[in-house]
Amino acid sequence: MFAENKAVAGFHILMILSHVDGHFSPEEAEVAVKYIAAHFPSDFNLDRETHFLKTLHPHDYFFHFKVCMDNFYRKSSSAERSELINFAVQIVKADKKITAEENIYLNELLNSWEPEHAG
C-alpha cells in the first residue's frame, strides 16, 4: 500500500513523523485527529491505514515517508502542501520535544518541498 490518495499520503506522513521517535503521545494523536477531521470523509478506513502503519518496519519508515511525500506533492496545491507542513510541525512539537529522528524527517519534508518557495 503506497498511499496513492493525497489525504492518505498526508496521514501516513504525519503518522511516521509521530512514530519515528518510538513514542506516540496523546498530544500527537490530537493533531492526527484534527488532520483526519479536516481531510477525510466519514467512510475513511482508519483501521486499515493504522494496521498498515503498525506493520511497517521502522527500517522502512524513510522509504515509505519519501513515497508518500512524492504522492502528496504530485496531487496537491502549494496551499495544501503548506497546510500539511503546518500539521507536520505541530505533530513533531506536540510532545514538547523534537528528537534527532523527527528533525531528520521534518527537514526532509521541508527541504524537498522548499524550492517552490524560493524566488
Side-chain angles (χ1 to χ4, degrees):
M1 180 177 309
F2 284 97
E4 283 294 325
N5 176 294
K6 174 178 59 180
V8 172
F11 177 72
H12 284 213
I13 288 168
L14 295 176
M15 290 297 93
I16 289 171
L17 280 169
S18 69
H19 283 82
V20 75
D21 65 354
H23 177 70
F24 185 59
S25 74
E27 296 84 5
E28 290 168 326
E30 288 178 29
V31 175
V33 167
K34 287 179 187 173
Y35 180 79
I36 291 167
H39 295 283
F40 286 97
S42 61
D43 64 347
F44 170 59
N45 191 335
L46 183 62
D47 290 338
R48 181 184 68 218
E49 298 306 325
T50 55
H51 174 74
F52 171 79
L53 291 165
K54 284 180 184 178
T55 60
L56 186 64
H57 193 279
H59 289 118
D60 296 325
Y61 282 178
F62 197 72
F63 173 77
H64 187 66
F65 186 81
K66 295 274 294 174
V67 168
C68 291
M69 281 177 44
D70 292 343
N71 288 343
F72 191 93
Y73 189 91
R74 282 194 324 269
K75 297 175 182 196
S76 63
S77 68
S78 178
E80 290 169 323
R81 290 188 289 277
S82 292
E83 181 184 26
L84 184 65
I85 287 171
N86 184 45
F87 274 106
V89 170
Q90 286 178 44
I91 212 159
V92 167
K93 291 172 60 177
D95 62 1
K96 310 256 190 292
K97 59 186 172 217
I98 300 174
T99 66
E101 294 86 2
E102 289 170 325
N103 198 40
I104 289 168
Y105 282 70
L106 188 57
N107 281 332
E108 181 67 23
L109 181 64
L110 295 170
N111 292 334
S112 294
W113 291 359
E114 188 271 333
E116 72 180 39
H117 300 293

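Here, residue 1 is the first one in the sequence, and each next residue gets the next number.
- Considering all non-hydrogen atoms of both residues, E108 and M69 come closest at O-CE, 3.7 Å.
- Taking the side chain as every heavy atom from C-beta outward, E102 and L106 never approach each other to under 4.5 Å.
- Side chains of H19 and L53 form no contact here, defined as non-hydrogen atoms less than 4.5 Å apart.
- Considering CG of D70 and CH2 of W113, their distance stands at 9.0 Å, rounded to 0.5 Å.
- Put simply, CG on N5 and CZ on F40 are 6.5 Å apart, with the number rounded to the nearest 0.5 Å.
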Enumerate donor-acceptor pairs with a distance under 3.5 Å from any side-chain N or O in residues 23-31 to protein atoms, sequence neighbours excluded.
| residue | atom | partner | partner atom | Å |
| --- | --- | --- | --- | --- |
| S25 | OG | E27 | N | 3.4 |
| S25 | OG | E27 | OE1 | 3.2 |
| S25 | OG | E28 | N | 3.1 |
| S25 | OG | E28 | OE1 | 3.4 |
| E28 | OE1 | S25 | N | 2.7 |

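- In this structure H57 satisfies the side-chain contact (heavy atoms from CB on, under 4.5 Å) test together with H59, D60, sequence neighbours excluded.
- For the pairing with I16, the side-chain contact (heavy atoms from CB on, under 4.5 Å) check across F11, Y105, F62 returns one residue only, Y105.
- Side chains of K66 and S112 form a contact here, defined as non-hydrogen atoms less than 4.5 Å apart.
- Remark: E80 CD to L84 CG distance equals 9.5 Å, nearest 0.5 Å.
- Relative to the six-membered ring of F72, R81 misses at least one condition, a distance below 6.0 Å or an angle of at most 45° to the axis.
- The hydrophobic cluster containing L17 also contains I104, counting ILVMFWY residues as joined when their side-chain heavy atoms lie under 4.5 angstrom apart, directly or transitively.
- Atom CG of residue D21 and atom CG of residue N103 lie 12.0 Å apart, to the nearest 0.5 angstrom.
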Donor-acceptor pairs under 3.5 Å, side chain of residues 87-95 to any protein atom, not counting sequence neighbours: which ones?
| residue | atom | partner | partner atom | Å |
| --- | --- | --- | --- | --- |
| D95 | OD1 | K97 | N | 3.2 |

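- Expressed to the nearest 0.5 Å, how far NE2 of H64 lies from CD1 of I13 amounts to 8.5 Å.
- Y35 OH to N86 CG: the interatomic distance, rounded to the nearest 0.5 Å, is 12.0 Å.
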